[in-house]
**Q** 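Handing you this structure, nothing more for now.
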Amino acid sequence: MMYYTGIDIGSTASKVVVLDSEKMVANFVIPTGWNSKDTSREIARRLGEMGYPIDENNKVLATGYGRISVEYAQKVVTEITCHGRGGYAIVGEDCTIIDIGGQDTKVITVEKGVSTNFLMNDKCAAGTGKFLEIMANRLNVDLKELYELAEQGTPLAISAMCTVFAESEVISHIGSGERREDIAAGVVDSVVKRVAGLVSRHAVKGRLVLTGGLSECPYLIRRLSERVGREIYAEPLGRYAGALGAALIARDGKKVK
């Protein structure tokens, strides 16, 4: 049997989806770590253990921040293309995808499975998942605890566009004795404002759908919906949109850039 594997190596997490000719047969996510090549080797090892070895019966397509590190991939494709293809497959209709990644944030218009327009943040990492991770570390909590704290707080202002300066603001709030709940709420609100600003500059079509790891955070989705002024949808497979799109493109066998 032929298998089609999509590998999305992000700056924070790497996602993998395996399809056969009809359906998804496997999916998993692992931390990317500091070396994308090591991550790609670990993915190959896991695929082999699961019964989907890297051989002539497994067509592999890679995408994401570290896609060129997947040396055994037959093809590499941009994340814009893959998120469009995967997002459309998950949602089942034309839509606008918001992908808050570890390295950047993208808003993508998808029509009939094709990414027809996109906008990417042009600032520092202050509007990304990496920013949340850095600030959670500064508050000595994990991301789940950060969201739980934020839900109980009143947002404090964090206005810097650069992560370094924003971290200085957080340190200042800590030094001033502000509540962790309020600082956490300010951190999440900072990301929400920047993402909402990106959405406001994009010609939204159809439903707004959040993909990436943050699609599993109900609190952030609610805050973003409030800021944007319309409902943001999240699907169970949202984190895997890029990897799914890569696997689907591999199965389609089309020539893509």
Side-chain angles (χ1 to χ4, degrees), residues 10-15 29-34 64-66 97-107 119-202 204 208-234 238-239:
S11 59
T12 301
S14 295
K15 290 75 63 178
V29 58
I30 63 173
T32 296
W34 73 276
Y65 172 79
I97 291 171
I98 304 170
D99 177 55
I100 306 175
Q103 199 74 8
D104 55 42
T105 297
K106 299 172 284 287
V107 183
L119 189 63
M120 187 179 297
N121 65 324
D122 56 357
K123 300 295 182 183
C124 186
T128 68
K130 190 65 176 178
F131 173 80
L132 291 171
E133 187 178 287
I134 291 170
M135 297 309 163
N137 288 337
R138 176 56 65 182
L139 291 172
N140 198 30
V141 296
D142 60 26
L143 284 173
K144 182 175 182 293
E145 291 170 323
L146 179 75
Y147 303 136
E148 290 172 351
L149 285 171
E151 199 155 11
Q152 302 169 44
T154 301
L156 289 169
I158 298 174
S159 56
M161 295 300 292
C162 172
T163 300
V164 174
F165 293 126
E167 187 173 13
S168 294
E169 287 188 69
V170 169
I171 292 170
S172 178
H173 285 318
I174 294 171
S176 299
E178 300 286 0
R179 298 170 67 237
R180 279 206 307 174
E181 292 85 350
D182 297 341
I183 299 172
V187 166
V188 175
D189 198 55
S190 175
V191 170
V192 165
K193 283 191 292 187
R194 284 160 178 72
V195 174
L198 199 65
V199 172
S200 71
R201 305 201 311 271
H202 186 80
V204 174
L208 272 171
V209 181
L210 183 64
T211 63
L214 294 181
S215 63
E216 299 171 358
C217 176
Y219 172 71
L220 184 138
I221 294 167
R222 187 174 74 249
R223 295 288 294 125
L224 186 56
S225 296
E226 292 168 357
R227 177 70 66 169
V228 171
R230 57 185 291 177
E231 186 171 2
I232 307 292
Y233 295 87
R239 173 182 279 249

**Q** Distance check, rounded to the nearest 0.5 Å: S190 atom OG versus L156 atom CG?
**A** 11.5 Å
**Q** How many angstroms lie between CZ in R194 and CZ in R227, if you round to the nearest 0.5 Å?
**A** 10.5 Å
**Q** Salt bridge or not between E151 and R222? Use side-chain N to carboxylate O under 4.0 Å.
**A** yes
**Q** Run the side-chain contact (heavy atoms from CB on, under 4.5 Å) test on I232 and V209 for me, step by step, so that the C-alpha distance in whole Å, both residues' side-chain angles and the decisive distance to 0.1 Å come before the verdict.
**A** CA-CA 6 Å; I232 307 292; V209 181; over 6 Å; no
**Q** Please report the shortest heavy-atom distance between S215 and A234, naming the atom on each side.
**A** O-CB, 3.4 Å
**Q** Check L149 against A184 and note the closest heavy-atom contact, atom names and distance.
**A** CB-CB, 3.7 Å
**Q** When rounded to the nearest 0.5 angstrom, what is the spacing between CZ in R138 and CG in L146?
**A** 14.0 Å
**Q** Do E231 and L208 have side chains that approach each other closer than 4.5 Å (heavy atoms only, starting at C-beta)?
**A** no
**Q** From L198 CG over to I98 CD1, what is the distance, rounded to the nearest 0.5 angstrom?
**A** 8.5 Å
**Q** R239 and T211: side-chain contact (heavy atoms from CB on, under 4.5 Å), yes or no, with the steps?
**A** CA-CA 5 Å; R239 173 182 279 249; T211 63; over 6 Å; no
**Q** Taking the side chain as everything from C-beta on, heavy atoms only, tell me whether R223 gets closer than 4.5 Å to D189.
**A** yes
**Q** Any side-chain heavy atom of V188 within less than 4.5 Å of one from Y219?
**A** yes
**Q** Once you round to the nearest 0.5 Å, how far does CG of L143 lie from CD of E133?
**A** 6.0 Å
**Q** Give a yes-or-no answer on whether the side chains of S14 and T32 include a donor-acceptor pair shorter than 3.5 Å.
**A** yes
**Q** Can you find a pair of side-chain heavy atoms, one from T105 and one from D99, that are under 4.5 Å apart?
**A** no
**Q** Quick one: does V187's side chain get under 4.5 Å of F131's, heavy atoms only?
**A** yes
**Q** Evaluate side-chain contact (heavy atoms from CB on, under 4.5 Å) for L132 paired with L214, printing each intermediate quantity in order.
**A** CA-CA 10 Å; L132 291 171; L214 294 181; 3.8 Å; yes
**Q** For the atom pair NZ (K144) and CD (E216), what is the distance rounded to the nearest 0.5 Å?
**A** 12.5 Å
**Q** Do the side chains of Q152 and R180 get nearer than 4.5 Å, heavy atoms only?
**A** no
**Q** Checking L224 against V195 for the side-chain contact (heavy atoms from CB on, under 4.5 Å) test, could you report, in this order, the C-alpha distance in whole Å, the side-chain angles of both residues, the deciding distance, and whether it holds?
**A** CA-CA 8 Å; L224 186 56; V195 174; 4.0 Å; yes
**Q** Using the side-chain contact (heavy atoms from CB on, under 4.5 Å) definition, which of the options I183, L139, D182 pairs with H173?
**A** I183
**Q** Does any N or O in the side chain of S176 come within less than 3.5 Å of the main-chain N or O of S172, such that one atom is a donor and the other an acceptor?
**A** yes
**Q** Kindly check if the number of other-residue, nucleotide or ligand heavy atoms within 6.0 Å of OH (Y147) is above 12?
**A** yes
**Q** With the side chain counted from C-beta on, respond yes when L210 and L220 share a heavy-atom pair under 4.5 Å apart, and no when they do not.
**A** yes
**Q** Is D104 salt-bridged to K106, going by a charged N under 4.0 Å from an acidic O?
**A** yes
